[in-house]
A.B. asks: 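Next up is a structure, given as structure tokens.
Values reported hereafter were calculated over all heavy atoms of this structure, with side chains retained and with hydrogens, waters and symmetry mates removed. First the proteins, then the strands, lettered A, B, ... as listed; each starts at 1.
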Amino acid sequence: MIIGIDLGTTNSAAAVFRDGKAELIPNSLGHNLTPSAVGIDDNGEVLVGLAARERQSTHPHLTATAFKRFMGAKRETRPGKKLFSPEELSALVLASLKRDAEAYLGEKVTEAVITVPAYFNDKQRKATRRAGELAGLKVERLLNEPTAAALAYGIHLLDDESQFLVFDLGGGTFDVSILEIFEGVIEVRASTGDARLGGEDFNDLLVNDMRRRFRDDWKLKTGEEDALREKLRVAAERARRALTGASEATMDVVWRDTPFSHAVSTESFEALAAPLIERLRDPVLRSLRDSQINAAALKEIVLVGGATRMPVVRRAVTKMFGRFPSQAVHPDEAVALGAAVQAGLKARDAALKEVAVTDVCPFSLGVATGERDASGNIRSGLFSPIIERNTTVPVSRIEVLSTLQDGQSEIEVEIYQGESRFVVDNVALGKLRVPIPRRPVGEIFIEVRFTYDINGLLEVDVHVPATGERRQLVVVDEDGPSGADLEKQRKALEALKVHPRDADANRAVMARANRAFENHLGDMRDHIARLISDFESVLDSQDPRLVERARSELSSHLDSLEGETWL
Amino acid sequence: MTGSVWDTLGIERTRDLKEIKRAYARRLKDTNPEDDPEGFKILRTAYESALAGVDDHGDAVFVFPTVKKPEKVQAPVPVASEDGAAEPPPPDPRQIHAGLQARLENLLRKRQVDPDVVLAAFKDVLASPAMDLVDVHGATEEWLAWLIANRSPRSDVLIAPARERFGWGGRSLRQRDHHPVQRILARQRDLAFLGEIRKRGAEHNAAYEVLTTPPRPVTALGRLLGLAPTHEITELLDVIRREHPTLISDLNSETVAHWDDYHSRPRLGTWGLRSAAATPPCLLGLVLGYWLLPREWAALSVLLIIPPAFAMASLISVYGFQLPQRLWQRAYVYGAPAWQRYGWGPSVIALLVAGAIAPASPLTALAVGAGSLIVASWASATGLADRSEGRMPWQIRVVFSEMYLIAWWLVTAFNLTNLWSFLQMSAVMVAATVVSAWGQRPLFDQWLSWPGWGRLLYGACVLAAVGGAAFVLYGAAWNPDTAWWPGVVAAVAAPVLMHRPLTPLLGQWSFRLKWYSMMGLFWVGLHGGGSHVVVAGAALLLFWAAAHTVIATLRGTFSRG
Ligand SMILES: Nc1ncnc2c1ncn2[C@@H]1O[C@H](COP(=O)(O)OP(=O)(O)OP(=O)(O)O)[C@@H](O)[C@H]1O
Ligand SMILES: [Mg+2]
């Protein structure tokens, strides 16, 4: 069985394609979204999802979130005693989704289509693929998130001929894609974005603002920075969501038993957010330019990603296009549903027989070159793209390079990915050396052939016509572990004690109650303490019916105290 | 499957976008990227080239906002007024924008225009509220790029602010392939160069002044006195054409045409003319010096041969090399038989062998000298174009740069006992000057790029020629006991001479040193003996030059890695 997975910065979701349509898979709590959070509880058990997220402000050192932002980077986090890499944390989330899917579908799930931000580079993609493998999933395909969203949206419009833009602002990444549908073909014309822009950055604005405002009152001791940050982040998230429906919200935190409160108005938030809003513009312009599609010709502007719920963002989009964006898709679910459609395509689902999808390579791939300036000096470190960004994949391109010096005895082909004219600013993917006969400058040339497949695998072929010499390089993961290591790592993850699925709901409510306890003072705090101990006594009874009732009671108490919980 | 575009798509040749798309979609269902990547690549290439033939891409062109000419354009009006109830409906921001664009365009169409006004109009366009709309923004950027690229020099003031606003030519690749922007960036680089040469007294400034004023004919006297910087003008035109093409429009087009015509025929340069004018008095001085000066000092008057030698070199260069080359190129270029094109190569070798084995005599000296000129002319006229245009092919330069050694050997063998040997000396000087006129290019890298045996062979040849010559010469004519001295000198001289092409690397020092040492050795030869001190001094100089050469070679080798 192949499922589609949206592995998000803040939330993840899984979906499956069956009976001719895509449907979401609920988790053990009955929610369609599973927070991308991993925690270690007091017994050393791993918690994934809502329970972990709720514990974040009370146990910042035992919880990891937003790790997708560090995907592909060598950065390890330490929830609890063990060190985890971003891909291991992602693997835990994926494994949890896998378990939920198996419970829901009643059969084994072994393959998945996982989505990645279009603007993820080669390293980040490889890390994501590894995460899937660590979770015991064969990653059939890495699908660009906006493409997935477009699939979810476009699958109903196949009879039409139209062009539309998908604007995906999620928790941590921003993607823009322009698509065209004709004759049953869904063609991505361009994808661009910013791999580090999303709801979390808006939170950071509020967090920093509040930290500054009470600069002298926090009385931070060393090592407490993270704890305060987490608390403020939760408050910021709450306030930001409140601002979606109201014109004013407050950020309330209790720090060292002192309450701090700060009111945020729509205007002040907008002023704070202006620099981030500004960053939304450039990718839009670039995708229009690359796709050679006039903004006026776009049929719809489709908003995807939770952060597009923010009125500031909507206003910015409206201003950019001079019209209102479409609300046709569910911003949180579209990506997972699209991934399921792709999974259906992979599985040759009969309902999708007449559909063909083409995607693009969203970044330029090329080699480092040098040139001689007017006075004959060599300027090296220039980037010459061979596969230009937004070329439809799979694709092969050949470029002819020649020597730059007399008597050169070899050429080194350095492979890079990126959009800067200088290789130092781009991502290095590998290098290849070929010997050449010594000749005067420019007399020897080599053919460099780049082949990029739909899974984002790059193959580089170098041919020296003068000698017939050929060299080949498959850009594989240089940093990643080898097959055996990967297997070992997978076993280690599997061996971790994971909190039993059926108790998830109780853990989540308890975590939430604990957080509420810390966030209130005086009578209110006593009240919450009483609620907690009541619930604990019911838990001890181990009667499922009683527990369930007590849990929903506790939830509604907490709801009335601090507003509904969110995903 | 390697059929034509249309075979691949499975349709007849067409320019109908719809049909192409439909065919592509149909083929895509069974040639999809998932299952048949290679087939898909072929299909996609076919599809894209079919699309390229469609003249109207429909959606795929960037439509410039059609700029209508409004009667009168006002400054940007705030889009919405606060109490809009009673007022007329707010003007459409797109329309205002188009108006502002039209104003800027009209301003730039004028012949004379105040840069500040242009700048203000430009700022108005950028500040108009419609710029918030991405389609207007995109179209305006394209339009501005086109406008700035096509309205220079009036639009030059806009380059910097437009670059800043749109990030043109930043570190990002986003503007590649975007022609107007590339032109604008080139223009900006060129303007920096223009700023440089506009400065009084700067390099190229004199030529620039001439080229921006109306043409004035050049007289022979004017050239003799150096009133028109003809050489600098050629150079500047060359530099501008090659590296700063956008600046051509900043020069006076008539003057440029005039100078192009002037330079279209090879002719003697200013210094060639001057040295030609100086030739008769110099020759007179030479002869008088020989008769009037004491025997020991007479040789000094030999230096007077330099201007006539230079004149001759110039004449030979123009009428012996450049003119034949032009004629040859005009007439044949590729059609000529092989012996004409490449025959000079074997001739060089034959000449060298003849020079080496023929008994030393004035006649041999003259014959070798004349022969070398003919072969040089032949080679430069017909030789393959090499990267230093208008020069002899590098192979021949390398060989000829050592020619004067052979001549030197022949001449010194005669020991300069009469006027006849003076003339021989002149021949040596002429040969040396001609060679030095062409030999000052970095040939070392070319020598390096030869195959290993070629390098070795060439090195060995030079070594043998110089060493053997010196040995024979001094061993026979001088004291047999000290015959090893010149051998040492020659051995040290050889690598220097061999690395002669390195001279530019050495800042001309080794070149000069070599000349001084050559003079020293001449002096020794002139006196048929002389003191060991002189020989030792010359050897020391040569040794020093050799050391420099070696160091520079090493440095060159290592910095290469
Ligand atoms: N009602 C709301 N008002 C404001 N922001 C919201 C709202 N709902 C969700 N968000 C924001 O949306 C973000 C999460 O969106 P989403 O679930 O689409 O992201 P993701 O898929 O996890 O991340 P990504 O796609 O970047 O990897 C969070 O930052 C959250 O704050
Ligand atoms: Mg997302």
A.B. asks: For the interface with chain B, which of A:K319, A:M320, A:E161 has the highest count of heavy-atom pairs at distances below 4.5 Å?
C.D. replies: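 Of the candidates given, the most pairs with chain B belong to A:M320.
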A.B. asks: Please classify the contact between A:R323 and chain B as side chain, backbone, both or neither, with a heavy-atom cut-off of under 4.5 Å.
C.D. replies: neither
A.B. asks: Side-chain contact, heavy-atom cut-off 4.5 Å: B:H244 with B:L194?
C.D. replies: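 Result no, sub-4.5 Å side-chain heavy-atom pair not found.
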A.B. asks: Decide side-chain contact (heavy atoms from CB on, under 4.5 Å) for B:Y47 and B:I20; before the verdict, give the C-alpha distance in whole Å, the side-chain angles of both, and the deciding distance to 0.1 Å.
C.D. replies: CA-CA 7 Å; B:Y47 175 55; B:I20 294 173; 3.8 Å; yes
A.B. asks: Please determine, among A:S396, A:S409, A:A296, A:P437, the option with the most heavy-atom pairs under 4.5 Å with chain B.
C.D. replies: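 Max contact count across the listed options: A:S396.
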A.B. asks: Would you mind checking which part of A:Q342 comes under 4.5 Å of any heavy atom in chain B, side chain (CB onward), backbone (N, CA, C, O), both or neither?
C.D. replies: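 Only the side chain of A:Q342 comes within 4.5 Å of chain B.
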A.B. asks: So what's closer than 4.5 Å to chain A heavy atoms on B:R22: side chain, backbone, both or neither?
C.D. replies: both
A.B. asks: To the closest 0.5 Å, what do you measure between CD (A:E399) and CZ (A:F445)?
C.D. replies: 13.0 Å
A.B. asks: With sequence neighbours excluded, what pairs up with A:D461 under the side chain to side chain donor-acceptor pair (under 3.5 Å) test?
C.D. replies: none
A.B. asks: Under 4.5 Å from any heavy atom of chain B, what part of A:V284 do you find: side chain, backbone, both or neither?
C.D. replies: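 The answer is the side chain of A:V284.
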A.B. asks: As an exercise: rank B:V239, B:D35, B:N32 by heavy-atom pairs under 4.5 Å with chain A and give me the winner.
C.D. replies: B:D35
A.B. asks: List the atom of A:T192, the atom of A:S287, and the distance in Å for their closest heavy-atom pair.
C.D. replies: OG1-CB, 3.6 Å
A.B. asks: Could you give the side-chain donor-acceptor pairs of residues 352-361 of chain A under 3.5 Å, partners two or more places apart or in another chain?
C.D. replies:
unit_1 : atom_1 : unit_2 : atom_2 : d
A:D359 : OD2    : A:N144 : ND2    : 3.2
A:D359 : OD2    : A:T147 : OG1    : 3.2

A.B. asks: Give, as side chain, backbone, both or neither, the part of B:D132 having an atom under 4.5 angstrom from any heavy atom of chain A.
C.D. replies: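 For B:D132, the contact with chain A is made by backbone and side chain together.
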